[in-house]
Amino acid sequence: MRPSRNTSPRPPVWLIPVLWTLALGLWGLSRQHSMWRDEAATWQAAQRPPADLCRMLRSIDVVHGLYYLLMHELFACFGASTTTLRLPSVLAMAVAAGCVAVLGRRLAGPRAGLAAGTVFGLLPAVQFYLQEGRPYALVTAGVAVATLLLVTLLQGHGGTGRWAAYGGTVALCGLLNWLSLLMLLAHAATLLWTRAGRGPAKRWAAASAAATAAVLPLILYSRTQQHQVAWIAPLTWSKLIAPAVLLVIGALAAAALRPAAGRLSAATVGLPLLAAPQLALLAISLSHPLYLDRYVVFSLLGLALLIGAALDAAARATARGWLVPAAVTALTLALLPQCVAERSPSSRVDDVLAVAAHVQRLKSPDAAVLFLPSWRRDTAYVSPDAFAGLHDIALSEDPLQSATLEGVEAPPARIRTAMLAQHRILLVTDADFTAEANATARDRTKMSVLHSHFTKVADISARGRRVLVFERRTPKAPGIRPAASRGLPLAHTTDLSGRTPRPAPRRETLPTPRR
């Protein structure tokens, strides 16, 4: 009798990619105690009571409503911190990496799956959104799960229940960000390319239609908030470079796999998943500028799948099994500087926390504070203690009262009057702010009064934000007294720490959005 061979089970192919992505996500998670403006919007919204959050969503950020409700519950359970803010994204990307690995194993073999899942965690855009307190990583995980469910169904495993799970996952992704429904174009292309047949096609169409119908009210309502994406610039040749590079790499990898029509493979799943969302969003942006990589970061699932399968194919063709780990190691070393850079505060546009420490050092009992533009008030809502004792002389309604993220400022004339009653003003603004032609009347008034009646005595920039200190150089205008003694609404002297002179104020630790 021959001795039995060692049949100890191997670890599942998804385990290493999941652990790898988790390690990358936990590394430098606090980004040196920094938070940029988009994350500050999450921070602010998630700490509102659900009723107040729903009021806010009627006028702003309805596309992120489900995500904000989720983060509200997490903040309530675990406390508000940068770890709680970003850990859901880390976990979501880890799930996505695991799904890519399983897809690679099913479509091209275990080595391809291991390579695909590992490569996914290394992609620069994945590294960026891996540690971002926004919904894009959760959407990516959802698309990965939906794609895995579709492949499982096309391989003949599962019935009505799994099709219902597919539709539910697509709907959930759409409610987190309805542009994720572009995945349906990719899945449709896979069905056509593989000649899936009328039965699966009908079931897919029914599940997709149900998911789209569930998301349609959100899509229609969000169109009333189009002003939030009005800042997105039209397409230029330079903006096309990044998606073009991704598509070329994906096409070359798919060509190396020599996909055949009628067969489910890494190419017939990965290439549509990479190309369809990118091309569709670019096409939409020709008439309505909307292209941002964050909206289609989930398309990188297809790129990772293609790269993993192509590496495995090259190893098979050359009979060099070491080629895959060597290539992944080389890619890791090549991208290491990028990985380090993504974990620094300078990886984002600005840091709402950095300037708060300077405000705390520069403030004085007789000082007031202004924000230019009003969105920069987010730093006060995220770091209220640093602004304790400072009066926001431009604020008329706080964010809860106005159901906004930044509050509502007083008319220009009242801002001017309040400024002229001050001896010392701290101005919080962007590091590169200039008085632009499209500045609001309120902002032009702030700049005009500061230039005409105040002298700059301090100017400090910190990670994309800037705080300037101004002191009066001319006598106060005759008859002008401080707002509180003049009988103006006390909202003009709001203490940004939350300690307002109004009775029973409702405050929160909050910030601003930039989609």
Side-chain angles (χ1 to χ4, degrees), residues 8-25 91-123 126 130 140-158 162 166 169 183 186-187 190 193-194 249-250 252-260 263-274 298-332 335:
S8 58
R10 294 183 178 180
V13 72
W14 52 261
L15 182 60
I16 292 178
V18 166
L19 295 177
W20 170 247
T21 307
L22 279 174
L24 290 173
L91 298 175
M93 283 301 193
V95 169
C99 289
V100 170
V102 175
L103 281 167
R105 178 181 63 79
R106 292 189 178 182
L107 298 171
R111 188 165 52 191
L114 183 61
T118 306
V119 166
F120 176 77
L122 285 170
L123 297 175
V126 172
L130 175 70
T140 302
V143 173
V145 171
T147 304
L148 181 56
L149 284 169
L150 180 65
V151 168
T152 302
L153 287 160
L154 294 180
Q155 289 178 332
H157 305 295
R162 195 158 286 179
Y166 170 80
T169 304
M183 78 170 106
H187 293 171
T190 294
W193 198 350
T194 58
I249 294 174
L252 291 174
L257 297 174
R258 299 176 183 176
R263 188 172 70 87
L264 201 60
S265 66
T268 56
V269 174
L271 188 58
L273 188 55
L274 169 64
F298 61 85
S299 67
L300 297 180
L301 295 162
L303 180 63
L305 181 60
L306 290 167
I307 291 175
L311 288 175
D312 178 67
R316 291 176 186 274
T318 59
R320 296 172 178 170
W322 52 264
L323 181 62
V324 173
V328 172
T329 301
L331 184 63
T332 303
L335 292 177

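Scope of the values below: all heavy atoms of this structure, side chains included, with no hydrogens, waters or symmetry mates.
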- Sidechain-backbone polar pair: Trp20 side chain, Thr118 backbone, donor-acceptor under 3.5 Å: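 Between the backbone of Thr118 and the side chain of Trp20 there is a qualifying donor-acceptor contact (under 3.5 Å).
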- Message: Tell me whether Thr190 contacts the main-chain N or O of Thr268 through its side chain, where contact means a donor paired with an acceptor under 3.5 Å.
- Response: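 Yes, the answer is positive, given that a donor and an acceptor are paired below the 3.5 Å cut-off.
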Would you name the heavy atoms of [X] and [Y] that are closest together and state the gap between them?
X	Y	value
Leu335	Leu122	CD1-O, 3.2 Å
Pro325	Thr329	O-OG1, 2.7 Å
Ala266	Ala309	CB-CB, 3.5 Å
Tyr166	His187	OH-ND1, 2.7 Å
Ala94	Val18	O-CG2, 3.4 Å
Cys99	Val145	SG-CG2, 3.8 Å

Is there side-chain contact between [X] and [Y], with heavy atoms separated by less than 4.5 Å?
X	Y	result
Pro17	Val100	no
Phe120	Ile307	no
Thr194	Arg263	no
Leu264	Arg106	no
Gln155	Leu107	yes

Return the [atom1] to [atom2] distance between [X] and [Y], rounded to the nearest 0.5 Å.
X	Y	atom1	atom2	answer
Leu24	Leu19	CG	CG	11.0 Å
Leu252	Ile249	CG	CD1	8.0 Å
His157	Thr152	NE2	OG1	7.0 Å
Leu103	Leu150	CG	CG	9.5 Å

- Task: Using a cut-off of 6.0 Å, state whether more than 12 heavy atoms not belonging to Ile16 lie near its atom CD1.
- Result: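 No.
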- Leu311, Val13, Asp312 screened by side chain to side chain contact (heavy atoms under 4.5 Å, CB included) with Arg111, the one that passes: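 With Arg111 as partner, Leu311, Val13, Asp312 yield a single side chain to side chain contact (heavy atoms under 4.5 Å, CB included), made by Asp312.
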- Task: Give me the one residue out of Leu273, Val269, Leu301, Leu271 that meets side chain to side chain contact (heavy atoms under 4.5 Å, CB included) with Leu306.
- Result: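 Single pass found, and it is Leu271.
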- Mind running side chain to side chain contact (heavy atoms under 4.5 Å, CB included) on Leu22 and Leu91 for me, showing each step along the way? CA-CA 7 Å; Leu22 279 174; Leu91 298 175; 3.8 Å; yes
